[in-house]
Amino acid sequence: MTEAVLLVGGQGTRLRPLTINTPKPMLPVAGVPFTVHQILRARDAGVTRIVLSTSYKAEVFREFIEGSDLGIEIVIATEPEPLGTGGAIRFAAAHLNSAPDDSVLIFNGDVLSGVDIQGLVKHHEDSNSDVTLYLTPVEDPRAYGLVPTDQHGRVTAFLEKPTSLEGIVTNNINAGCYVFRRDVIDRIPEGRVVSVERETFPELLATGALVSGVVDSGYWLDLGTPLAFVQGSRDLVLGHAPSPAVGTHGDALAMEGAFIADSAHVHGGSVIGRNASVDSDAVVDGAVVFDKARILAGAHVRNSIIGEGAVVGVGSHLDGVVVGDAAVIGAGNELQKGVRVWPGAVIGDLTIRFSSDG
Ligand code: GDD
Ligand code: MG
């Protein structure tokens with residue numbers, strides 16, 4: 001039996017306004033809450049019990065887990081206040097059944113990857129490591145935890161989001177999945193905020209613990225930003241990213257009750273949510289349209305996220321935009337990369353403004 005802790009308590013600040021009502025791991029990606037992709041991958045790798053480590057909007061997870069059967073035992077741990085990644089792991093440990101020598105998997109709750117979970121646990125146990133980290137090479141590592149290793153795969157340092165050039169010592173980053181020997185978790189200080197990246201890992205290294213790194217250059221994506229979020233959804237729909245939660249792959253995914261007009265063009269791995277609609281001559285390309293949203297005639301929506309019940313007006317063009325739940329974009333608007341429309345906001349018709357001007 002293998003247990004895992006899934007860290008899902010972060011605020012998802014970079015995905016605001018979508019995360020105002022819904023925590024990041026519960027946002028729909030390729031038709032199901034993102035967390036389901038991770039839970040099913042863990043289940044299929046032999047994990048039999050998961051502790052969901054929640055904080056922000058814990059009730060949204062609770063309600064979902066109580067109403068679903070994912071074929072794996074799920075226990076919810078909710079911190080009284082956010083304890084950081086290390087504090088959260090320590091807090092969740094009270095819910096683990098594992099013995100001191102057992103291997104426990106830890107997952108960041110916003111990473112989509114094809115990592116060989118069983119292989120990681122095997123490496124950890126064969127090498128008799130205290131902790132084993134899954135590492136992946138990225139072009140620009142500055143936004144992540146940098147993890148250099150020696151020729152034996154032993155981690156030599158842990159540099160979380162270095163701000164100086166001297167900190168850029170490797171392209172291999174912490175890919176957000178670890179194996180801990182259970183008694184190492186029990187030594188994390190209890191009841192206070194601890195960052196596993198800034199405190200626990202550097203301390204383990206300083207005290208001579210055996211921390212191993214396994215580099216895997218397969219599919220990896222942190223869904224922390226809007227563009228990464230749509231990319232993850234797109235990659236799942238197209239079949240570029242692995243998940244047991246996606247049955248068949250194709251150019252687009254239309255959920256139950258979605259309406260797509262014959263003359264509309266929905267492609268590029270887009271998802272059209274439940275009871276959402278795409279009207280005539282509209283184009284939806286590599287976008288995520290949440291449930292009950294409406295893309296009106298002739299609108300173009302690319303690389304964007306359209307919140308639940310939101311409306312994109314006739315002929316409007318959106319590229320790289322996040323539209324909050326129930327917001328309304330009037331006709332004829334052009335919104336470009338980086339624009340975020342708050343839930344319920346209304347942007348008027350551009351065409352009507354022009355015509356009334358004169
Ligand atoms: N329960 C709980 N409590 N969970 C938390 C808390 C907390 O106080 N703080 C963060 N988390 C969860 C988040 O929900 C997320 O799933 C995970 O911990 C990591 O937090 P992020 O906020 O997503 O961190 P990051 O993306 O900036 O950096 C982390 O991930 C990178 C890889 O994606 C670090 O682990 C980096 O070292 C790593 O490279
Ligand atoms: Mg992250």
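Both counts, for ligands and for their atoms, begin at 1 and track the order of listing. Heavy-atom basis, side chains included; hydrogens, waters and symmetry copies ignored. Keep in mind it's a predicted model, so treat the numbers as computed, not measured.
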Mind checking whether Ile168 and Pro141 have side chains closer than 4.5 Å, heavy atoms only? yes
Answer yes or no for Gly224: is there a heavy-atom contact with ligand 1 below 4.0 Å? no
Which of the atoms in ligand 1, numbered in the order shown and given with their element, are less than 4.0 Å from a heavy-atom of Ala88? 1 (N), 2 (C), 3 (N)
Give a yes or no on whether the backbone of Asp281 and the side-chain of Ser263 come within a donor-acceptor separation of less than 3.5 Å. yes
Do Asp150 and Arg154 meet the salt-bridge criterion of a basic N to acidic O distance under 4.0 Å? no
Proximal atoms of ligand 1 relative to Glu197 (non-hydrogen, under 4.0 Å): 34 (C), 35 (O), 37 (O)
Tell me the closest heavy-atom pair linking Ile306 and Val312, and the distance in Å. CD1-CG2, 4.0 Å
Exam field: side chain Thr207 to backbone Leu204, donor-acceptor pair closer than 3.5 Å: yes
Non-hydrogen atom of Tyr178 closer than 4.0 Å to ligand 1: yes
Does Phe34 come within less than 4.0 Å of ligand 1, judged by its heavy atoms? no
Would you indicate whether the side-chain heavy atoms of Asp235 and Gln231 approach each other to under 4.5 Å? yes
Protein contact to atom 11 (N) of ligand 1 [nearest heavy atom, distance to 0.1 Å]: Gly10 N, 3.6 Å
Taking all non-hydrogen atoms of both residues, which atom of Pro226 and which atom of Val322 are closest, and how far apart? CB-CG2, 3.4 Å
Is the closest basic N to carboxylate O distance between Glu199 and Arg192 below 4.0 Å? yes
For Val8, the ligand 1 atoms with a heavy-atom partner under 4.0 Å come out as 14 (O)
Heteroatom distance test (Tyr144, ligand 1): nitrogen or oxygen, under 3.5 angstrom: no
A student checking ligand 1 against Lys161 at a 4.0 Å heavy-atom cut-off should list atoms 25 (P), 27 (O), 28 (O)
Any N or O of Asn108 that comes nearer than 3.5 Å to an N or O of ligand 1? yes
Would atom 4 (N) of ligand 1 count as contacted, meaning some protein heavy atom under 4.0 Å? yes
What angle, to the nearest 10°, do the atoms OD2 (Asp110) and OD2 (Asp222) form about the Mg ion (ligand 2)? 110°
Could you tell me whether some N/O pair between Thr85 and ligand 1 is separated by less than 3.5 angstrom? no
